[in-house]
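A quick write-up on the structure given underneath.
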Amino acid sequence: MREIVVEVVTAGLRRLAGSGELPDGVLEALPEIKVERPREKSHGDFSTNAALVLARHARMKPLDLARKILAALPAEQTAGISWDIAGPGFINFHIAPERLRMLLGEILARGDRYGHSAAGGGRKVLVEFVSANPTGPMHVGHGRGAVTGDTIARLLAATGHQVTREYYINDAGAQVEVLGRSVLHRCREIAGHVETPPEGWYPGEYVIEIARALLERHGDPASLPFSQVVDFAIDWVMREIREDLETMQIHFDQWFSERFLHVSGGIDRAVEELSKNGWIVQGVLERPKGWDGASPEDYDGRPQLLFRSTHFGDDSDRPLKKGDGSYTYFAADIAYHFDKARRGFDRLVDVWGADHGGYVKRVQAALEALTGKREILDVILTQMVNLTQGGKPVRMSKRAGTFVTLRDVVKETGVDAVRFWFLTRSSGAGIDFDLDLAKSRTNDNPVFYVQYAHARVFSLLTRLQERNLSRDGGDRSRLEAPEELDLIRRLGLFPETVEGAALSREPHRLTYYLSELAAAFHGYYNNHRILDEDPGLRGARLELCLAVRQVIANGLALLGVSAPESM
RNA sequence: GCGUGGUUAGCUCAGUUGGAUAGAGCGUUGGCCUCCGAAGCCAAAGGUCAUUGGUUCGAAUCCAAUACCGCGCACCA
């Protein structure tokens, strides 16, 4: 619906420019010219600032220019559209009810494709998310990243992008070895030995389960190579993670192993590539500046292999090798992102926890050094999730091994609640997730509120059948109530909302839209009788309700949330 | 100290990438079931958009300082 107005305005401007009434080159200012939705209803359905933006270039008063623009609009495309000039020179467009109502037919005809578009032009996008370490079960923070990444992927796919979902498995390095040692410790414990646990071990209950499984499968692990113990543990944890993700309706296309980068020489190649361009030096980092806490005491000031990321705006150069000569995590990450870039994606999206925020600059620096393109990567940081119950915080302590896992929360509240709730805030804002509220069946709970609106439409169809009423013979022109036209306008907003959410990687825009649409529907429903005696009115109102249902269903599908027929 | 996210109604947060008179939910107060699902709806009250400057036709939005809050700060992932 928006495109119609955009086309009309640009056609008018081109005609003016063509006839010499606008100076040459004025149309280059086109990006600044916007067709937008006015906040104030009396300002119509759309408005454009064209006259304001162009007034100076054209050396005309905005109001005079606005009149000229209106005179140049192509008459053949403006049926059902009226306009006026307001304020300092805004041009407001009003869509006539007849034209609005046509949208209902379009929505029902396009069905579950309504809201989808080709805006992305088939561009290839890689969305990397979750990437939780294979050292323990996913917690709620991972869950938020998982839902955010998956929904961004769904939005991109719906707007004409070719999307790949990828999970980066950190199966190399010290952490997984600690996991292996923790499992061995538990094995010996089960065998009756009492020993002090290994340094920095994972005390969680799940490690005991892994130990039991290992004993059952291989007997005494003392006879096994340590690497096999590690592999067994990683496989066990990853199996759990995959299960959780499946439950959450999240399906990955690729699982990318960090270890593969080490053994395949991928890191060597990336480092060599950097080196070739002079971005690597042997140097000494400055002693870390002390901040409030104690400064690290074990700074040794030794020369090491450094990536000169400061050249690309990072705060400090970054080491690529540890004291023992093995590569740092960052070195592997450089190689990983280099690999991504070389796979021919137009765009990379990474979803990380906010605690990794310090990494953004250095990864972007590496990408710029390797490919010359910095903007290719978008990093979305998700803030903390605070679990509460009845308003009081639920204690989570990973150190004590008593944290609440994502699985527990999903079991308690259901996938729909978790997915929707995690998308009710912009990713930059923290979320309070209340277990009691997420389960409640009242309008305090946005998930049920939206799903309820969907179910209500189905309930209407059931009543219709019970009473042996027909839904045919509707007369759309009977939809005259302000609430009805308002609902249709909201439905017309859906495609723009999806596109905006996709391009800005802000899924929460969609949850807000759906909550508002549901609210408008509930209000309408409470004040108007849908199943009216008059078949003309009844049919038209039913069509409106069915269109609302379709849009809610499409929106929920993009969020990965179910649209129940009854609740 | 550096970086980063944030600061909008009593609380939790939106604000469509710079538009016209600042929005929602919760909470508070008061209303609505003979009627399609009250699992819902309607109404009222509630604001120095942290502060100060700047950019321009126009700023909650962009820039610069300042003040608080969260997160991160060699050789972990």
Side-chain angles (χ1 to χ4, degrees), chain A residues 32 34 36-40 42-43 47 49 52-53 55-56 62 86-90 92 133 135 170 172-176 178 200 258 285-293 295-296 298-302 304 306 314-324 328-330 332-333 353-361 381 383-384 424-432 437 440-446 448-449 451-453 455-456 459-464 466-467 493 496-497 500-501 503-504 506 508-509 512-513 515-516 519 522-532 545 566-567:
Chain A
E32 281 179 57
K34 289 187 176 122
E36 49 198 359
R37 301 274 189 175
R39 238 176 244 158
E40 182 64 33
S42 66
H43 294 147
S47 80
N49 58 354
L52 292 169
V53 173
R56 195 159 28 133
F90 288 103
N92 296 332
N133 287 341
T135 53
N170 300 125
Q175 306 251 5
V176 290
V178 171
E258 180 189 356
L285 278 183
E286 279 179 43
R287 177 179 294 275
K289 295 268 194 299
W291 56 97
D292 270 356
S295 83
D298 43 1
Y299 169 79
D300 56 15
R302 71 183 169 82
Q304 47 189 341
L306 297 175
D314 197 4
D315 314 307
S316 159
D317 292 338
R318 304 294 173 183
L320 299 177
K321 280 193 176 176
K322 306 183 217 170
D324 65 1
T328 58
Y329 172 80
F330 177 52
D333 226 9
D355 54 342
H356 288 61
Y359 253 74
V360 176
K361 280 189 180 180
L381 299 175
Q383 283 289 343
M384 301 286 121
T424 54
R425 298 279 180 270
S426 70
S427 55
I431 289 184
D432 292 323
L437 207 52
S440 75
R441 314 184 122 225
T442 68
N443 63 348
D444 305 355
N445 182 345
F448 281 89
Y449 187 76
Q451 289 181 322
Y452 179 42
R456 262 186 157 171
S459 163
L460 283 171
L461 296 178
T462 311
R463 295 289 158 279
L464 189 76
E466 280 174 6
R467 295 185 201 170
L493 222 51
E496 296 163 38
T497 305
L503 294 182
S504 60
E506 291 180 348
H508 72 280
R509 291 194 195 184
Y512 271 88
Y513 170 83
S515 296
E516 284 165 11
H522 287 309
Y524 173 59
Y525 181 94
N526 268 277
N527 290 303
H528 297 268
R529 203 166 174 75
I530 312 300
L531 301 180
D532 195 87
C545 291
S566 69
M567 305 174 63

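So that the names make sense, note that chain A is the first sequence line, chain B the second, and so on, each numbered from 1.
- A/M567 comes within 4.0 angstrom of a nucleotide base, judged by non-hydrogen atoms across all strands.
- Counting to the nearest Å, the P atom of B/C73 and the CZ atom of A/F330 are 15 Å from each other.
- The gap from the P atom of B/A60 to that of B/G53 amounts to 14 Å, rounded to the nearest Å.
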Summarise protein proximity over nucleotides 16-31 of chain B in one line of letters, 5' to 3': B for base, S for sugar-phosphate only, - for none, counting protein heavy atoms closer than 4.0 Å. BB-BB-----S-----

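- To the nearest angstrom, C1' of B/G40 lies 16 Å from CD of A/Q451.
- Heavy atoms of A/R529 sit under 4.0 angstrom from at least one base atom.
- Checking B/A77, B/G3, B/A14 against the side-chain heavy atoms of A/R425 singles out B/A14 as nearest.
- The residue A/S459 sits close to a base: some heavy atom pair falls under 4.0 Å.
- The residue A/N527 sits close only to the backbone: its heavy atoms come under 4.0 Å of sugar-phosphate atoms, none of a base.
- Residue contacts shown for A/G323 are limited to sugar-phosphate atoms, with no base heavy atom under 4.0 Å away.
- In this structure, A/S566 reaches the bases: a heavy-atom distance under 4.0 Å links it to at least one base atom across the strands shown.
- For RNA chain B, the stems formed by at least three consecutive Watson-Crick or G-U pairs, with both atom-pair distances below 3.5 Å, span B:1-7 with B:67-73, B:10-13 with B:23-26, B:28-32 with B:40-44, B:50-54 with B:62-66.
- When distances run from any side-chain atom of A/A429 to the nucleotides B/G3, B/A14, B/A77, the shortest one goes to B/A14.
- Ring-plane geometry between A/H356 and A/Y359 is classed as tilted, the angle between the planes lying from 30 to 60 degrees on a 0 to 90 degree scale.
- Nucleic acid contact for A/G430: sugar-phosphate only, since backbone atoms but no base atoms lie under 4.0 Å from a heavy atom of the residue.
- Checking B/C75, B/C41, B/C36 against every side-chain atom of A/R467, the shortest atom distance belongs to B/C36.
- Taking for each of A/D532 and A/G523 the nucleotide of RNA chain B with the nearest heavy atom, the 5'-most of the two is the partner of A/D532.
- If you check B/C36, B/A77, B/U4 against the side chain of A/Y329, the one that comes closest is B/A77.
- For A/L306 and B/C75, the CG to P distance is 12 Å, given to the nearest whole Å.
- For A/I530, counting side-chain heavy atoms from C-beta on, the closest listed nucleotide (B/U12, B/C76, B/C36) is B/C36.
- Annotation: B/U55 and B/U12 have their C1' atoms spaced 34 Å apart (nearest Å).
- Judged by distance alone, the side chains of A/Y452 and A/R456 do bring a donor and an acceptor atom under 3.5 Å apart.
- Neither side chain, A/T328 nor A/R318, offers a donor N or O lying under 3.5 Å from an acceptor on the other.
- Among the heavy atoms of the strands lying under 4.0 Å from A/H356 is at least one base atom, whether or not backbone atoms are also near.
- Between B/A64 and B/A22, the two P atoms lie 27 Å apart (nearest whole Å).
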